[in-house]
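Notes follow the structure.
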Amino acid sequence: PIHMWCQINLPSVIISFMVPKIRLKLAKRLKELRGKFGFTQEKLSEKSDIAYKHIQRLESKTPNSIKIDTLEKLASAFGITCSELLKFKD
């Protein structure tokens, strides 16, 4: 499947929705690369010129969709190509 079910529990409310798998793979990949390069979310934010809160959301359990320009900024911050950024381990 290309989507995964996510569930958010709020006081007296349960919200379930689908998150595309590729977003979750990218979230995992960003965390992996940050570890490899020794970057905190703050450091990646500075190097990529992407807001810290946006980095947090991209790495969350319910990541937002991402623009190609943002992918390019992230790849550049790590010194890799966009295609390398999107090489996911299955």
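Since this is a predicted model, take the numbers as computed values, not measurements. Sequence positions, counted from 1, serve as the residue numbers for this chain.
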- Query: Between atom CG of Leu26 and atom NZ of Lys28, what is the distance when rounded to the nearest 0.5 Å?
  - Reply: 12.5 Å
Please report, to 0.1 Å, the donor-acceptor pairs under 3.5 Å made by any side chain of residues 63-70, with sequence neighbours excluded.
none

- Query: From Leu24 CG over to Thr62 OG1, what is the distance, rounded to the nearest 0.5 angstrom?
  - Reply: 9.0 Å
- Parallel under 30°, tilted from 30 to 60°, perpendicular over 60°: which one fits the rings of Phe37 and Phe78? tilted
- Message: Is it true that, when you exclude Gln56 itself, more than 12 heavy atoms of the residues, nucleotides or ligands shown sit nearer than 6.0 Å to its CD?
- Response: yes
- Quick one: list whatever passes ring-ring contact (aromatic ring centres under 6.0 Å, His included) with Tyr52, sequence neighbours left out. none
- Query: What are the two closest heavy atoms between Glu84 and Arg29, and how far apart are they?
  - Reply: O-NH2, 2.8 Å
- Note on the structure: Residue pairs passing the salt bridge (Lys or Arg N to Asp or Glu O under 4.0 Å) test with at least one member in residues 48-59, sequence neighbours excluded, are Arg34-Glu59
- Task: Determine the minimum heavy-atom distance between Ile55 and Ser48, stating which atoms define it.
- Result: CD1-OG, 4.2 Å
- Find the distance between NZ (Lys31) and CG (Leu33) and round it off to the nearest 0.5 Å. 12.5 Å
- Ser45 OG to Leu74 CG distance, which is reported to the nearest 0.5 Å: 10.0 Å
- Message: A side-chain contact here means heavy atoms from C-beta on lying under 4.5 Å apart; do Lys73 and Lys47 qualify?
- Response: no
